[in-house]
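Take a look at this one; I'll ask things after.
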There are 2 protein chains.
Amino acid sequence: MARNKRVQDREEKQEEIIHAARALFLNEGYDATSINRIAIEVQVAPNTIYWYFKNKDELLVSILNAELTKHLNAYMLQPTQDPTERLIWVVDQLQLANRLVSTVHARLKFSTELREWHEQFHLLVEGLLRLELQKLGMANDQIETKVKIAVFTIEGLLAHQLSEQEKRAICAALVSTS
Amino acid sequence: MARNKRVQDREEKQEEIIHAARALFLNEGYDATSINRIAIEVQVAPNTIYWYFKNKDELLVSILNAELTKHLNAYMLQPTQDPTERLIWVVDQLQLANRLVSTVHARLKFSTELREWHEQFHLLVEGLLRLELQKLGMANDQIETKVKIAVFTIEGLLAHQLSEQEKRAICAALVSTS
DNA sequence: ACCTGAACACCGTTCAAGT
DNA sequence: ACCTGAACACCGTTCAAGT
């Protein structure tokens, strides 16, 4: 059917743009990557990007959703049961996407779509953390505060490069039930 | 002396620009405040700003230094000895300058001067926190990790608006010695 | 439906010229 | 020393026009 063919093409092209933009955002940064630069990579005119995405921030959100799906899958399939190691694993994964993470925070004030995505992401991470802390048998009245401290600390770990040793000590402290 | 007179004038004009820019950065935000807008406020041509400050980020650093001096003074004069209350006080002060704080983080990647200022600021805050935790008699091998968690959590508190209740619970947990 | 050339409005910053 | 008019290079985005 012509209808389906077209939809297929559109999605392929969208993914092509997402893929190119993702690489550029990670390597050069969001601000340093002009729409023009992405367009060159995909071999179209700059304004063609706007046929597939409402604007630069929505393109970013599309990239983030693709990344999230990918990593969430890996998280679920993780073998380790040790909570400290699981937390370190998450931090390491986020570290690799560090540039995207800080871009999200930097652009919160410019895009409501991004703000919504960010809020969803926070709720998701908090939910996963809550589960881990419950599994450890932490008292319920402590959990909410600990979860928030943990989430903020993870963000801090990403924003400020610490040594491997400091990172591990912090992660261990975050999941300690004392 | 003509020499001194001139220096005086220059500093006055600089402070005038700092004062105007501070208000605009706080009310409208750094990005939303064009150099042109500041120039209008001070009644000069846009490029005149560059006679007094190397660029927009250096103007920001000047504003930050003025703020820091002011608040550091108030911190030292604070009457309360309760560590939780002292911490909440700091968070509240930073909350009021919230827009400046997030601007600093957003612009770290664009300005080395700002990066240096930010690092100094972190060292200062960590130092003050370390002192507070030592006063509480916390074990030395725990302090470094706790200090880092506290600093990151404070940043998180500023970035994400929480309720008064949550804020207090978190601050209390940060200075708990258990 | 998809793509483009040309333009728009705006930005921080620079430079040569004035006093 | 201090200030300015005019320009530069660049940005994300829009619009009318093409196929």
Side-chain angles (χ1 to χ4, degrees), chain A residues 1-18 20-22 24-25 28-63 103-104 106-114, chain B residues 1-18 20-22 24-25 28-63 103-104 106-114:
Chain A
M1 246 161 285
R3 187 75 169 279
N4 279 340
K5 178 67 160 42
R6 282 289 172 78
V7 169
Q8 188 70 3
D9 284 358
R10 184 174 175 83
E11 273 171 13
E12 266 176 33
K13 198 89 177 187
Q14 261 171 339
E15 274 166 32
E16 199 186 337
I17 296 171
I18 288 175
R22 188 198 97 105
L24 287 165
F25 287 178
E28 316 285 336
Y30 180 89
D31 292 276
T33 304
S34 66
I35 292 285
N36 193 29
R37 181 73 183 76
I38 301 167
I40 289 170
E41 204 73 16
V42 196
Q43 308 217 50
V44 291
N47 43 0
T48 298
I49 307 289
Y50 290 88
W51 178 257
Y52 293 98
F53 300 93
K54 217 180 75 200
N55 53 41
K56 202 180 173 186
D57 284 300
E58 233 207 18
L59 171 54
L60 174 61
V61 170
S62 299
I63 295 171
T103 299
V104 169
R107 294 207 60 79
L108 283 179
K109 54 178 173 297
F110 299 116
S111 162
T112 46
E113 269 100 9
L114 197 55
Chain B
M1 247 160 281
R3 186 76 169 276
N4 279 341
K5 177 67 160 44
R6 284 288 171 81
V7 169
Q8 189 69 3
D9 282 358
R10 184 173 175 83
E11 273 171 13
E12 266 176 32
K13 199 89 178 187
Q14 261 171 339
E15 273 165 32
E16 199 187 338
I17 296 170
I18 288 175
R22 187 198 98 104
L24 287 166
F25 286 177
E28 316 285 336
Y30 180 90
D31 291 277
T33 303
S34 66
I35 293 285
N36 193 30
R37 182 73 183 76
I38 301 167
I40 289 169
E41 204 73 14
V42 196
Q43 308 217 49
V44 291
N47 42 3
T48 298
I49 307 287
Y50 290 88
W51 177 255
Y52 293 97
F53 299 93
K54 216 180 75 200
N55 51 42
K56 202 181 174 186
D57 283 301
E58 233 207 19
L59 171 55
L60 174 61
V61 170
S62 300
I63 293 170
T103 300
V104 169
R107 294 208 60 78
L108 283 179
K109 54 178 173 295
F110 299 116
S111 162
T112 46
E113 268 101 8
L114 197 55

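Proteins come first, then strands; the chains are lettered A, B, ... in the order of their sequence lines, and each starts at number 1.
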Legend entry - Rounded distance in Å - CD (B:Glu12) to C1' (D:dC2):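 From B:Glu12 CD to D:dC2 C1': 15 Å.
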Legend entry - Non-neighbouring partners of A:Glu113 that pass side chain to side chain donor-acceptor pair (under 3.5 Å), sequence neighbours left out: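 Per chain and number, A:Glu113 pairs via side chain to side chain donor-acceptor pair (under 3.5 Å) with A:Lys54.
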Inset, instruction - Please name all residues satisfying side chain to side chain donor-acceptor pair (under 3.5 Å) with B:Arg107, sequence neighbours left out, ordered by chain then number. - result: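 Side chain to side chain donor-acceptor pair (under 3.5 Å) list for B:Arg107, sorted by chain: B:Tyr30, B:Asp57.
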Legend entry - Length of the line joining A:Glu58:CD and D:dG12:C1', which is rounded to integer Å: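 Taking atom C1' of D:dG12 as the reference, CD of A:Glu58 is at 15 Å.
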Legend entry - d(CH2, A:Trp51; P, C:dC2) in whole Å: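 Going from A:Trp51 (CH2) to C:dC2 (P), I get 6 Å.
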Legend entry - From D:dT13, C:dT4, C:dT13, nucleotide with atom closest to A:Ala45 side chain: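 Shortest atom-to-atom distance from the side chain points to C:dT4.
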Inset, instruction - Check whether any side-chain heavy atom of B:Thr103 sits under 4.5 Å from a side-chain heavy atom of B:Phe25, and report yes or no. - result: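 Not touching, per the 4.5 Å side-chain cut-off.
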Legend entry - Candidate nucleotides C:dC2, D:dC3, D:dT13, ranked by approach to the side chain of B:Tyr52 - the nearest: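 The answer is D:dC3.
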Legend entry - Sugar-phosphate, base or nothing in reach of A:Thr48, heavy atoms under 4.0 Å: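 Touches a base.
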Legend entry - Heavy-atom closest pair, residues A:Ile17 and A:Phe53: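 Looks like CG2-CE1, 3.6 Å.
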Side-chain donor-acceptor distances from residues 32-39 of chain A under 3.5 Å, at least two apart:
{"residue": "A:Thr33", "atom": "OG1", "partner": "A:Leu24", "partner atom": "O", "Å": "3.4"}
{"residue": "A:Thr33", "atom": "OG1", "partner": "A:Gly29", "partner atom": "O", "Å": "2.7"}
{"residue": "A:Ser34", "atom": "OG", "partner": "A:Arg37", "partner atom": "N", "Å": "3.1"}
{"residue": "A:Arg37", "atom": "NH1", "partner": "A:Glu41", "partner atom": "OE1", "Å": "2.7"}

Inset, instruction - Would you kindly give the CG-to-C1' distance between B:Asn36 and D:dA6, to the nearest whole Å? - result: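 Taking atom C1' of D:dA6 as the reference, CG of B:Asn36 is at 14 Å.
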Inset, instruction - State which residues pass side chain to side chain contact (heavy atoms under 4.5 Å, CB included) with B:Ala45; sequence neighbours excluded, sorted by chain then number. - result: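 In terms of side chain to side chain contact (heavy atoms under 4.5 Å, CB included), with neighbours along the sequence ignored, B:Ala45 is linked to B:Asn47, B:Thr48.
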Legend entry - Separation of atom CD in A:Glu16 from atom P in C:dC2, rounded to whole Å: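 Roughly 14 Å, once rounded to whole Å.
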Inset, instruction - Note every stem involving DNA chain C: at least three consecutive Watson-Crick or G-U wobble pairs, i with j then i+1 with j-1, with both distances under 3.5 Å. - result: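 In DNA chain C, stems of three or more pairs: C:4-8 with D:12-16, C:12-16 with D:4-8.
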Inset, instruction - Please report the closest heavy-atom contact between A:Tyr52 and A:Gln14, naming both atoms and the distance. - result: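 Here A:Tyr52 and A:Gln14 meet closest at O-NE2, 3.3 Å.
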Legend entry - Heavy-atom side-chain contact between B:Phe110 and A:Asp31 under 4.5 Å: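 SC-SC contact between B:Phe110 and A:Asp31 confirmed.
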Legend entry - From CG (B:Leu114) to NZ (B:Lys56), nearest 0.5 Å: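 If I round to the nearest 0.5 Å, the distance is 12.5 Å.
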Legend entry - Nucleotide of D:dC2, D:dG12, C:dG12 approaching B:Ile35 most closely (side-chain heavy atoms):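 My answer, after comparing the listed nucleotides, is C:dG12.
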Inset, instruction - Between protein and nucleotides 14-19 of chain C, map the contacts as a letter string: B base, S sugar-phosphate only, - none, heavy atoms under 4.0 Å, written 5' to 3'. - result: BB----
Legend entry - d(CZ, B:Arg10; P, D:dA1) in whole Å: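 After rounding, the reported distance stands at 9 Å.
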Legend entry - Proximal nucleotide (of C:dC3, D:dT4, C:dT13) relative to the B:Val44 side chain: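 So the side chain of B:Val44 is nearest to D:dT4.
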Legend entry - Options C:dG12, D:dT4, D:dG12, nucleotide nearest the side-chain atoms of A:Lys56: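 Given the options C:dG12, D:dT4, D:dG12, the side chain of A:Lys56 is closest to D:dG12.
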Inset, instruction - Nearest whole angstrom, please: distance from the C1' of C:dC3 to the CZ of A:Phe53. - result: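 A:Phe53 atom CZ is separated from C:dC3 atom C1' by 16 Å.
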